[in-house]
Trainee: 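This structure is in structure tokens; I'll ask about it shortly.
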Amino acid sequence: MNEQGCTVVTGGSRGIGRAVAVQLAKEGRNIAFCYRSGVEAAEETEKLIREAGVEVYHAPCDVSDFDAVQQFISDAEKAIGPVRALVNSAGIVRDNPMVLMPPEDWRAVIGTNLDGTFNFCRAVVFGFMKRKEGAIVNMSSVAGLDGNATQTNYSASKAGIQGMSVSLAKELAGYGVRVNVVAPGFIETDMTEALSEKVRAQALKSIPMRRYGGADEVADLVSFLLSDKAGYITGEIIRVDGGVVL
Ligand code: NAP
């Protein structure tokens with residue numbers, strides 16, 4: 001499929017976002033991706049996307065900044081055509097028990113994860129409604145479904161993404177636009193590499209499949225949800241977590 005227009009992936013420079021961007025590129029989609037500041041990683045992702053033979057646009061864009069997101073979408077559309085699909089993968093953690101959590105860490109996580117997802121959805125939905133087509137996948141986490149001690153800010157941001165997404169799915173279904181949520185468990189990326197050996201070992205015990213997931217395994221689900229094969233699926237929250245239990 002070498003479709004006209006592009007698919008936007010936020011946080012596409014590293015981790016799950018990169019795996020998603022590269023997999024969708026291999027499927028023939030032109031890719032526009034943003035990141036916060038890591039230019040080197042972005043250039044590596046750009047190279048991998050170009051190897052797939054599609055067009056790519058990327059730029060730093062703080063997802064929590066409404067105006068910057070509007071500008072990113074406008075620039076991406078000028079560069080490689082109208083946005084046809086959106087994957088919100090940019091996200092951060094700032095873990096701490098509530099009793100110690102600085103309010104700025106609460107706001108940073110809600111601002112990046114929840115406001116960021118709103119900002120990108122808000123920037124593309126009018127075009128999707130006008131063209132009566134489009135698909136969105138928003139990245140949550142099992143922490144948004146089950147909760148996780150030390151992650152009140154992160155869990156709240158992800159539960160917010162879920163509520164927003166199922167409501168948006170209902171708003172847009174009549175326009176032929178689908179919105180779904182992917183909730184990964186413990187996936188091998190920089191985000192989880194930063195955890196202590198003790199926390200990683202504890203996490204492993206909670207995974208019935210006794211291994212961490214790969215970013216490509218999340219990308220497979222995102223790819224399916226954006227594809228016509230998922231044409232009758234909207235408003236779903238799907239785990240990809242190796243059967244994780246509390
Ligand atoms: P990661 O490896 O840490 O990568 C994060 C990406 O988001 C980077 O491209 C980063 O850009 C970008 N980003 C962060 N803050 C941003 C901002 N304000 N504006 C724009 N871009 C920003 O993370 P990951 O593990 O791939 O996680 C991706 C998503 O999956 C997140 O939403 C995360 O919550 C979710 N998730 C991950 C796991 C897991 O186990 N890894 C599990 C469940 C859910 P820079 O490098 O420039 O900062």
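Please read these numbers as outputs of a predicted model, since none were measured by experiment. Remember, it's 1-based here, ligands and their atoms both numbered in the order they're listed.
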Trainee: For A68 and C61, which heavy atoms make the closest approach, and how far apart are they?
Mentor: O-SG, 3.7 Å
Trainee: For ligand 1, is any non-hydrogen atom under 4.0 Å from I92's backbone (N, CA, C, O), its side chain (CB onward), both, or neither?
Mentor: side chain
Trainee: Report the part of S140 (side chain from C-beta onward, or backbone N, CA, C, O) that has a heavy atom under 4.0 Å from ligand 1; answer both or neither where that applies.
Mentor: backbone
Trainee: Classify the contact between P60 and ligand 1 as side chain, backbone, both or neither, using a heavy-atom distance cut-off of under 4.0 Å.
Mentor: neither
Trainee: Considering non-hydrogen atoms of the protein only, which is the closest contact for atom 13 (N) of ligand 1, and what is the distance?
Mentor: A90 CB, 4.0 Å
Trainee: Quick one: ring-ring contact (aromatic ring centres under 6.0 Å, His included) pairs with a partner in residues 71-107, sequence neighbours left out?
Mentor: Y57-F72, F72-F120
Trainee: Please check if the side chain of D241 supplies one atom and the backbone of P184 the other of a donor-acceptor pair under 3.5 Å.
Mentor: no
Trainee: Taking 4.0 angstrom as the limit, do D190 and R14 come out as a salt bridge?
Mentor: yes
Trainee: Can you sort out which atoms of ligand 1 are near S13, meaning under 4.0 Å from one of its heavy atoms?
Mentor: 8 (C), 9 (O), 11 (O), 46 (O)
Trainee: Could you tell me whether a side-chain N or O of S165 sits under 3.5 Å from a main-chain N or O of V179, the two making a donor and an acceptor?
Mentor: no
Trainee: So I238 and V181, do their side chains get closer than 4.5 Å, heavy atoms only?
Mentor: no
Trainee: Tell me which part of T189 gets within contact of ligand 1: side chain, backbone, both or neither, using heavy atoms under 4.0 Å.
Mentor: side chain
Trainee: Please report the closest heavy-atom contact between E188 and Y212, naming both atoms and the distance.
Mentor: OE2-CD1, 2.9 Å
Trainee: I need the atoms of ligand 1 closer than 4.0 Å to a non-hydrogen atom of P184, numbered in the order shown.
Mentor: 42 (C), 43 (C), 44 (C)
Trainee: Any non-hydrogen atom of T112 lying under 4.0 Å from ligand 1?
Mentor: yes
Trainee: Among V109, T150, T152, which residue satisfies the side chain to side chain contact (heavy atoms under 4.5 Å, CB included) criterion with M101?
Mentor: T152
Trainee: For the pair H58 and F33, name the ring-plane relationship: parallel under 30°, tilted 30 to 60°, perpendicular over 60°.
Mentor: parallel
Trainee: Backbone, side chain, both or neither: what part of T192 comes under 4.0 angstrom of ligand 1, heavy atoms only?
Mentor: side chain
Trainee: Determine whether a donor-acceptor pair (N or O, by modelled atom type, separation under 3.5 Å) exists between the side chain of S167 and the backbone of G163.
Mentor: yes
Trainee: Near Y154, which atoms of ligand 1 are under 4.0 Å from a heavy atom of that residue?
Mentor: 33 (C), 34 (O), 35 (C), 36 (N), 43 (C), 44 (C)
Trainee: Which option wins on minimum heavy-atom distance to atom 23 (O) of ligand 1: R36, M191, E193?
Mentor: M191
Trainee: Please confirm whether the backbone N or O of T192 pairs with a side-chain atom of R200, one donor and one acceptor, at under 3.5 Å?
Mentor: yes
Trainee: Name the closest protein heavy atom to atom 19 (N) of ligand 1, giving the residue it belongs to and the distance to 0.1 Å.
Mentor: V63 N, 3.0 Å
Trainee: Are R239 and D146 close enough for a salt bridge, meaning some N to O gap below 4.0 Å?
Mentor: yes
Trainee: If the cut-off is 4.0 Å to any non-hydrogen atom of C61, which atoms of ligand 1 fall inside it?
Mentor: 19 (N), 20 (C)
Trainee: With a 3.5 Å distance limit and no angle check, can you tell me whether S13 reaches the backbone of A42 through a side-chain donor-acceptor pair?
Mentor: no
Trainee: Give the atom numbers and elements of ligand 1 that come within less than 4.0 Å of a heavy atom of M139.
Mentor: 29 (C), 30 (O), 35 (C)
Trainee: For ligand 1, which part of R18 has a heavy atom less than 4.0 Å away: the side chain, the backbone, both, or neither?
Mentor: neither
Trainee: To the nearest 0.1 Å, how far is atom 1 (P) of ligand 1 from its closest protein heavy atom, and which atom is that?
Mentor: R14 NH1, 3.7 Å
Trainee: With a cut-off of 6.0 Å (strictly less than), are more than 12 heavy atoms of other residues, nucleotides or ligands near CD of E104?
Mentor: yes
Trainee: With a 4.0 Å heavy-atom cut-off (strictly under), which part of F186 contacts ligand 1: side chain, backbone, both or neither?
Mentor: backbone
Trainee: Between ligand 1 and G38, is the shortest N or O to N or O distance under 3.5 Å?
Mentor: yes
Trainee: Heavy-atom contact under 4.0 Å between S37 and ligand 1?
Mentor: yes
Trainee: Which of the numbered atoms in ligand 1 are under 4.0 angstrom from any heavy atom belonging to G11?
Mentor: 6 (C), 7 (O), 9 (O), 12 (C)
Trainee: Out of G185, G12, S141, G91, whose heavy atom is nearest to atom 38 (C) of ligand 1?
Mentor: G185
Trainee: Which is closest to atom 37 (C) of ligand 1 by heavy-atom distance: D115, I187, I16?
Mentor: I16
Trainee: Does ligand 1 have an atom that lies less than 4.0 angstrom from a heavy atom of S89?
Mentor: yes
Trainee: In ligand 1, which numbered atoms sit nearer than 4.0 Å to a non-hydrogen atom of D62?
Mentor: 17 (C), 18 (N), 19 (N)
Trainee: Is there a polar contact between ligand 1 and S64, counting only N or O atoms under 3.5 Å apart?
Mentor: no
Trainee: Given side chains that start at C-beta, do those of R29 and L226 come closer than 4.5 Å, heavy atoms only?
Mentor: yes
